[in-house]
Visitor: 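Below is the structure I would like to discuss, written out as structure tokens.
Computed from a predicted structure; not experimentally measured.
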Amino acid sequence: MSELYTSLVRLKQAMNNGALPPMTDIPLTVQDVIDPTLTIGLGALFEDTEKGLRCPVRGCGVYRHMLSSHITTVHADVGGANGVRDMMEIPRSTPLASQSYRQAKIAEFAARRGDGLAILARARATNAGAAHKRDVRVRAEQTKKIVYKSAGLRNLTNRCEAQMRHALIDLQNQIGRSPTVSEARSLIGEGFAGQVIAVYGTWNAAKARFGLDQYKRGHSRKEITRDMVLEALSAYYDVHECLPNQRQARKATRTPLIPSFPTILKAMGCKYDWTEAMQRAASLLNIYGGRYGLPESARPDASKPVDA
């Protein structure tokens, strides 16, 4: 179960080190439902110690200690609590409950169960090997959630999109040019570089996403090449066995993340037609079948010898 990232969690961060990482903005695609002024950023909620969590639904903004019940009851038209979780990139397993509510429930549970937790701890101690394997699985699942789901946890670990972009731009300013993955590993850390590649598929795909490729000599505008876009689309295809549709391109919820919708259209030489852009990409990447791929009938027969 993931911890909900709230303004109180952020306050504790500030008290611990005095510096706060940047937050990822609420995407334009969901701002008709989620009001950015009612949140502190993607994956996070306002929390008041006395009043609870603030509802982020546009036109609402009420405070509730058990916010999921309020959203499910009052805002069923936007998908209830799970709909809001999805739009806010909060894992469905994360309870939308205030810290004070959760602490009260934990205390109530502990009192009701008595020494049950101590018994459980002794049982786990007698089977340390199984507990270790279970802990490894839990950590792996938590890592998967950080990468694929929780913007709040990515903020908490300084690994959200805004923070990674901020770090890469700072590195580019530091060395005076677009950084290589080796330079990022050396100057920022192996873990950071690995996380960027895990989220975006390849290092160049991340730079295409953030516009951090090399400048053309004599020009000040950033140039994102077709090869970089194709590399990002190829990494996406390797994971999902399909090219992204228009909805997935406009609202990136899958990793590896891809360059922005207009960037891909421009790189593929298509002003408005996403289908044509993906068909061109499929042709260049030798992708057959599926929504955008070349016809299966045109796929080369591997059993036949190739003419010299």
Visitor: Which pair of non-hydrogen atoms, one from A282 and one from G293, has the smallest distance, and what is that distance?
Guide: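 Looking at all heavy atoms of both residues, the closest pair is CB-CA, 3.8 Å.
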
Visitor: Would you name the heavy atoms of T39 and F46 that are closest together and state the gap between them?
Guide: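 What the structure gives for the nearest pair is O-CE1, 3.2 Å.
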
Visitor: To check you understand the geometry: which heavy-atom pair defines the closest contact between K207 and P179, and what is its length?
Guide: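 Between these two residues, the closest heavy atoms are NZ-O, 3.3 Å.
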
Visitor: Could you state the interatomic distance from OG1 (T275) to CG (L243), rounded to the nearest 0.5 Å?
Guide: 11.0 Å

Visitor: Classify the side-chain pair Y236/Q248 by whether it contains a donor and acceptor separated by less than 3.5 Å.
Guide: yes

Visitor: Without swapping roles, check the side chain of R58 against the backbone of Q31 for a donor-acceptor pair under 3.5 Å.
Guide: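 Yes; judged by distance alone, with no hydrogens or angles, the pair exists.
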
Visitor: Applying ring pair (Phe, Tyr, Trp, His ring centres under 6.0 Å), name anything that partners Y237, two or more places apart in sequence or on another chain.
Guide: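 Partners of Y237 by the ring pair (Phe, Tyr, Trp, His ring centres under 6.0 Å) criterion come out as none, since no residue qualifies.
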
Visitor: With sequence neighbours excluded, tell me which residues meet side chain to side chain contact (heavy atoms under 4.5 Å, CB included) with R92.
Guide: N82, R85, D86

Visitor: Are the side chains of I264 and L233 in contact, using a 4.5 Å heavy-atom criterion?
Guide: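 Yes, side chains in contact.
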
Visitor: Any heavy-atom pair between the side chains of Y288 and P300 that's under 4.5 Å?
Guide: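 P300 vs Y288: side chains touch.
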
Visitor: Is there a side-chain contact between Q99 and T6 in this structure, where contact means two heavy atoms from C-beta onward sitting under 4.5 Å apart?
Guide: yes

Visitor: Under a 3.5 Å cutoff, is there a donor and acceptor pairing between the side chains of T37 and D35?
Guide: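 Side chains of T37 and D35: pair found under 3.5 Å.
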
Visitor: Check whether any side-chain heavy atom of R280 sits under 4.5 Å from a side-chain heavy atom of E276, and report yes or no.
Guide: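 Of all side-chain heavy-atom pairs linking E276 with R280, at least one is under 4.5 Å.
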
Visitor: Using a 4.5 Å cut-off on heavy atoms from C-beta on, say whether the side chain of L294 contacts that of I287.
Guide: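 In short, these two side chains do not touch, never coming nearer than 4.5 Å.
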
Visitor: Specify whether W274 and F261 have parallel, tilted or perpendicular ring planes, treating 30° as the upper limit for parallel and 60° as the lower limit for perpendicular.
Guide: parallel

Visitor: Please give me the minimum heavy-atom distance between A167 and I188, naming the atom from each residue.
Guide: O-CD1, 4.1 Å

Visitor: Using side-chain heavy atoms (C-beta onward) and a distance below 4.5 Å, is E50 in contact with S100?
Guide: no

Visitor: Please report the closest heavy-atom contact between M88 and A44, naming both atoms and the distance.
Guide: CE-O, 3.2 Å

